Structures are given as C-alpha cells and as structure tokens.
Amino acid sequence: MAYRYGFSMIVTPTFEDVGVFNRGIGENSEVASKEMYVFEDRGGRTFALRPEGTAPVVRAFIQHSPTLPFKAWYFTPAFRYERPQKGRFREHHQLGVEVLGSEDAAIDIETISLLNDFFQAVGLRKYRVLINSMGHDECRQNYVEVLKAYLSTHVSELCEEHQKVWDQNTLRLLDCKKPSCVEVTNKGPQLPAHLCAPCSEHFSSVVLGLSTIGVKCELTPRLVRGFDYYTRTTFEFVSDALDSAQNAIGGGGRYDKLAEQLGGSPTAGIGFGSGVERLLLALEAEGVTEPSISRTPQVFVVDTTEVDVATTICHSLRSAGIAAVRAYDHRSMKAQMKVADKSGARFALLVGPQENAVGQITIRDLRGDERTEQVSVAQQDIVTEVLSRLGK
RNA sequence: GUGGGCGUAGCUCAGUUGGUUAGAGCGCCAGGUUGUGGUCCUGGAGGUCGCGGGUUCGAACCCCGUCGCUCACCCCA
C-alpha cells in the first residue's frame, strides 16, 4: 500500500549513536531519559537500540541527501526499556513512513490518509483519528507562556502530581487523564487558538483536505505527543476497542526542525509510526479474524525402506510445486502414519521394501478410512498422479 | 522509575497445618494391530519444584535475596 502512495522502503540500523535519539526525541522526554537501551561498544562509543523509527530515517536522509521529496516506509523492531504489560513490550514492531522535504499540507493529508487506508484494509473499524497542531517554535512557546499564566491561578485544582510539576514540561499536562486536570485544561487557553497565521492556515488546509477525501478527524487541542520534535500537525489514531491506557495504535506528526537538530540543513518532515503488536490486539478486540493462509502440506511421504527414497520423492514433488513433508529417523510405519495424520496432508505416499522392489508408490487418501482405497503407481509417475489427484 | 500477582513435566495446572518415593489432564514414546493414521485399551519416558542463601530433624510449601514472566501506574506504539 505504501508503494501505491509512492514510498520506497528503507532499512536503518538497529542501533544508532545515542545522540541521534537524544537530540531528536528530546533529552527531557520520557523515552529518551529513561526508556532507551543504551550501551557502550568496545571503543567506548555510546549507542542506543532504536526506540522509535523517525530519528534514524532522518539521520540517514541527512547522511545521503537524496532528492526531494524523500518518501520512505519501514517495518522495524523498536525497543523501550520499560516495564512490559498488555499492549506494551520492550521490543515491538513499528510500521511507519516518513516524508522529508516539503511542508505542503498535501503531504500531511496524504500521510494521514495512508495510515487510515491501511487500517481500513486490515479490517479495523472502531477507531478515531485525533488531530491537532502544535504550531512552530514560536507559536508553541507563546502558548506555553499563556498556559502557564493561566495554570498558575489554578494550581490547587490540578491533580496531586501535577500540582508539584505544573510549571515544568507544561505541555505534557494536557495529556493528563485525571478528571481534575482535564477540567482545568479544558477551561483554559487552547493551543489552536494561539497559532500564528501561517500555522493556523496550514492546519486548516490539512483538516479541510482530510474531510474532502472522507477522513473524519476529531480536533483535539489537548493532543500533545511525547517526542519533542513535533511541530505543526500532530495526529493519533486511537482504538475504541482497547483500554485507554494503551489505545494509541498509530501516531505521528510534522517535525520541521528535526533535520536541523540532527545536523542537517533545515528540511521539513512528517511521518507516522504504528505499533504492529498493538494493532493486532485492536483487531482481536474487534473480533476481526485474519484470513488464515493454509500452510498444511499436501502430501506426506512415508518411507520404511532401508535406503531412504523419501528424499528423492520429496524433491521431485517439491520441484513440481507440491507441498511435501516426510518423517525422519526411520521410524515404524505406524509412527510415520501418525505423523502423517497430524500433518494435515491430504495424501500419504507409502514406500516400503515391497513397493520399492517393484518401483512403485502406494497412495493413500488420508480422508478415507478404508485401506482398500489405496492405489499403487509407478515411482516415475508419482508427480503427475499427485497433481491430478490434487485437482491441478 | 512505582505498586500488585505468578514461577512445579513439552503445555495447562493441582499439591492439605512443613512430613517418606512431587501428581493430573493433554502431548510425546511403545505395545495391542510382526506394512497403515484418525477412535479405544494397556504400559512407559519425562521434573536441579526459576536460581542462591536461611530457618528446621525434615522445605515445592516458611523467611531473605535475586532473576524471569505478568497486570497496573507513568509514558508511549
């Protein structure tokens, strides 16, 4: 699907210099400060196992300076040093895309639309798309000042924890789920109202564009994401089939300053990441069953000769495109038949000393229950015989 | 980083107030059927009771530590 949108695949290393993540995600963010798997190599360099997908892609982009716009998708493991629980693991897999080189609202729309298409395609239905704009640096700083000023007069109404830390990392407070905090922030100044004209206009274009192509979004002024690099558009897909503690099945946003922060020339960017394990949980919670591809073998070769003719027989069957399995270790016919039955194969092909002496193979339909249904054919005809019996 | 729960056979689990040789179901192996699966019957293999220390005549059981898993919080996917 990503190819349909013009993305090419990118693979980045499993670990990077720790600075890539510290500078990208923000050293004060929860993830960078205490959730990274950090280690030293023999040369004393400090690395971190990739905790998210965006920073490495941007690093690679800077290093190779491809032509713009650069559109890449990835499927990669991600690591967070934290206490695992339902829907949250130390190692999980993220499916994501990144677009670098343009701040066109059309790219925001395309990116969000892609993720939406993807969820639709896998059968997910009970989810919502939350969207917000954080503005550029100045907008955000201005807003934080306004928010702080407002909060300073309502400190006592905040939740216990935030009464202590309300004036540091103030934006995060919008994320607090405690009713007290929610109420206070709901009544307070809202982020979108404090955007500068260009940012505000950009945001409107994104929202309008999405509604034009039928992607329903919920304007969520309190949506502030955990990485420091976000600017302007931020979005999150939340599943209504999962507990709210880990209902985010995908999210992302614009990061127009990230390339600069990582030492490249100023380049706008946007992307999303989606946790595959959590997506699977959401699908399960919705009762969506994945179409199971049949992986049962078609024939099972039972060989009780001394000379192991199964190897040759299996090879010719497999060369003809037939899924053929067999038993090993020269077990008794009874034992091999049991394995054949469990394998789910439609036919058992029996070769014992008797058959082998006359160059034949006995075909036994494992669906039937009578031995009289067995037929013997010449070994050189086995492939065509099996193919015709399988209906090909 | 914080708080709870759990670690006993390959799997799911039981195990009494601490008491001899630690059990069940499923799975696995073999025999009944000397060349034939799925059902049935019979038998069998398989366990340093997570690990280390302590208490005790005696520990799967009690105490301490440790590691792992799990659920929740924080935060994120």
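Naming convention: chains lettered A, B, ... in sequence-line order (proteins, then strands); numbering from 1 in each chain. If you're wondering where the values come from, they're calculated on a predicted model, not measured in any experiment.
- Between B/G52 and B/C13, the two C1' atoms lie 26 Å apart (nearest whole Å).
- Contacts of A/Phe227 with the nucleic acid, taken as non-hydrogen atoms under 4.0 Å apart, involve only primed sugar atoms and P, OP1 or OP2.
- Comparing atom distances between the A/Arg225 side chain and each of B/G27, B/A77, B/C71 picks out B/A77 as nearest.
- In summary, A/Glu98 and A/Lys71 do not engage in a salt bridge, as defined by a charged side-chain N under 4.0 Å from a carboxylate O.
- With salt bridges taken as basic N to acidic carboxylate O contacts below 4.0 Å, one links A/Arg225 and A/Glu236.
- If you measure from atom CD of A/Glu35 to atom P of B/C75, you get 10 Å, rounded to the nearest angstrom.
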- Message: Go through it in stages, so that I can follow the logic: the residues are A/Phe70 and A/Phe61, the test is ring-ring contact (aromatic ring centres under 6.0 Å, His included), and I'd like the CA-CA distance, side-chain angles, deciding distance and then a yes or no.
- Response: CA-CA 8 Å; A/Phe70 175 66; A/Phe61 167 83; 5.7 Å; yes

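- Comparing B/U2 with B/U8, their P atoms sit 26 Å apart, to the nearest whole Å.
- Spacing between atom CZ of A/Arg90 and atom P of B/G1 amounts to 10 Å, rounded to whole angstrom units.
- Here A/Leu366 lies in heavy-atom contact (under 4.0 Å) with a base.
- Side chain A/Glu236 to base B/A77: no donor-acceptor pair is found below 3.5 Å.
- With a cut-off of 3.5 Å on both Watson-Crick or G-U wobble distances, the partner of B/C13 is given as B/G23.
- A salt bridge between A/Asp108 and A/Arg254 is present, with a side-chain N of the basic residue lying under 4.0 Å from a carboxylate O of the acidic one.
- Taking the C1' atom of each, B/C67 and B/G32 are spaced 48 Å apart, rounded to whole Å.
- The main-chain N or O of A/Thr12 is never found under 3.5 Å from a side-chain atom of A/Glu16 such that the two would form a donor-acceptor pair.
- Of all nucleotides present, none satisfies the Watson-Crick or G-U wobble test against B/C74 with each distance under 3.5 Å.
- Mapping A/Lys86 and A/Glu277 onto RNA chain B by nearest heavy atom places A/Lys86 closer to the 5' end of the strand.
- Distance A/Leu349 CG to B/U36 C1': 13 Å, rounded to the nearest Å.
- Base pairing of B/C6: its partner is B/G68, meeting the Watson-Crick or G-U wobble criterion (both donor-acceptor distances under 3.5 Å).
- Heavy atoms of A/Ala248 sit under 4.0 angstrom from primed sugar atoms or phosphate atoms, though from no base atom.
- Taking atom C1' on both nucleotides, B/G47 is separated from B/G27 by 16 Å, rounded to a whole Å.
- B/G37 and B/U17 are spaced 48 Å apart, taking the P atom of each and rounding to whole Å.
- No hydrogens or angles considered: nothing links the side chains of A/Tyr328 and A/Gln336 as a donor-acceptor pair under 3.5 Å.
- More than 12 heavy atoms of other residues, nucleotides or ligands shown are found within 6.0 angstrom of CD on A/Glu260.
- For A/Gln85, counting side-chain heavy atoms from C-beta on, the closest listed nucleotide (B/C75, B/G37, B/C73) is B/C73.
- Rounded to whole Å, atom P of B/A77 lies 12 Å from atom CG of A/Leu115.
- A/Arg364 contributes a side-chain N or O that forms a donor-acceptor pair with the base of B/G37 under 3.5 Å.
- Nucleic acid contact class of A/Lys334 (heavy atoms, under 4.0 Å, all strands): base.
- Going from the P atom of B/C26 to that of B/C64 covers 39 Å, rounded to whole Å.
- Proximity note for A/Arg278 (side chain, C-beta onward) versus B/C69, B/A77, B/G37: the nearest is B/A77.
- Residue A/Arg83 places none of its side-chain N or O atoms closer than 4.0 Å to OP1 or OP2 of B/C75.
- Among the atoms of the strands shown, base atoms are found under 4.0 Å from some heavy atom of A/Gln246.
- Note on A/Pro84: a base of the nucleic acid sits closer than 4.0 angstrom, heavy atoms only.
- No hydrogens or angles considered: a donor-acceptor pair under 3.5 Å links the side chains of A/Gln374 and A/Arg364.
- Looking at heavy-atom distances under 4.0 Å, A/Gly96 makes no contact with the nucleic acid at all.
- Taking only distance into account, the side chain of A/Gln374 meets the base of B/U36 through a donor-acceptor pair shorter than 3.5 Å.
- Atom-to-atom, CZ of A/Arg331 to P of B/C28 comes out at 10 Å; the value is rounded to the nearest Å.
- With rounding to whole Å, A/Lys338 atom NZ is found 16 Å from B/U33 atom P.
- Remark: B/G44 base-pairs with B/C28; criterion is Watson-Crick or G-U wobble with both hydrogen-bond distances under 3.5 Å.
- Comparing B/C51 with B/G10, their P atoms sit 13 Å apart, to the nearest whole Å.
- Here the P atom of nucleotide B/U2 and the CD atom of A/Glu82 are 15 Å apart, to the nearest Å.
- For the pair A/Arg367 and B/G37, the criterion of a side-chain N or O lying under 4.0 Å from OP1 or OP2 is not met.
- Counting non-hydrogen atoms under 4.0 angstrom, A/Glu91 reaches nothing in the nucleic acid.
- Taking atom C1' in both B/C61 and B/G1, one finds a spacing of 33 Å when rounded to whole Å.
- The side chain of A/Gln336 places no N or O atom within less than 4.0 Å of a non-bridging phosphate oxygen (OP1 or OP2) of B/U36.
- Positionally, the nearest nucleotide of RNA chain B for A/Ala335 lies more toward the 5' end than for the other of A/Ala335 and A/Glu355.
- Listed nucleotides: B/G37, B/C75, B/U2. Nearest to the side chain of A/Arg88: B/C75.
- Atom pair A/Arg50:CZ and B/A77:C1' shows a separation of 14 Å (rounding to whole Å applied).
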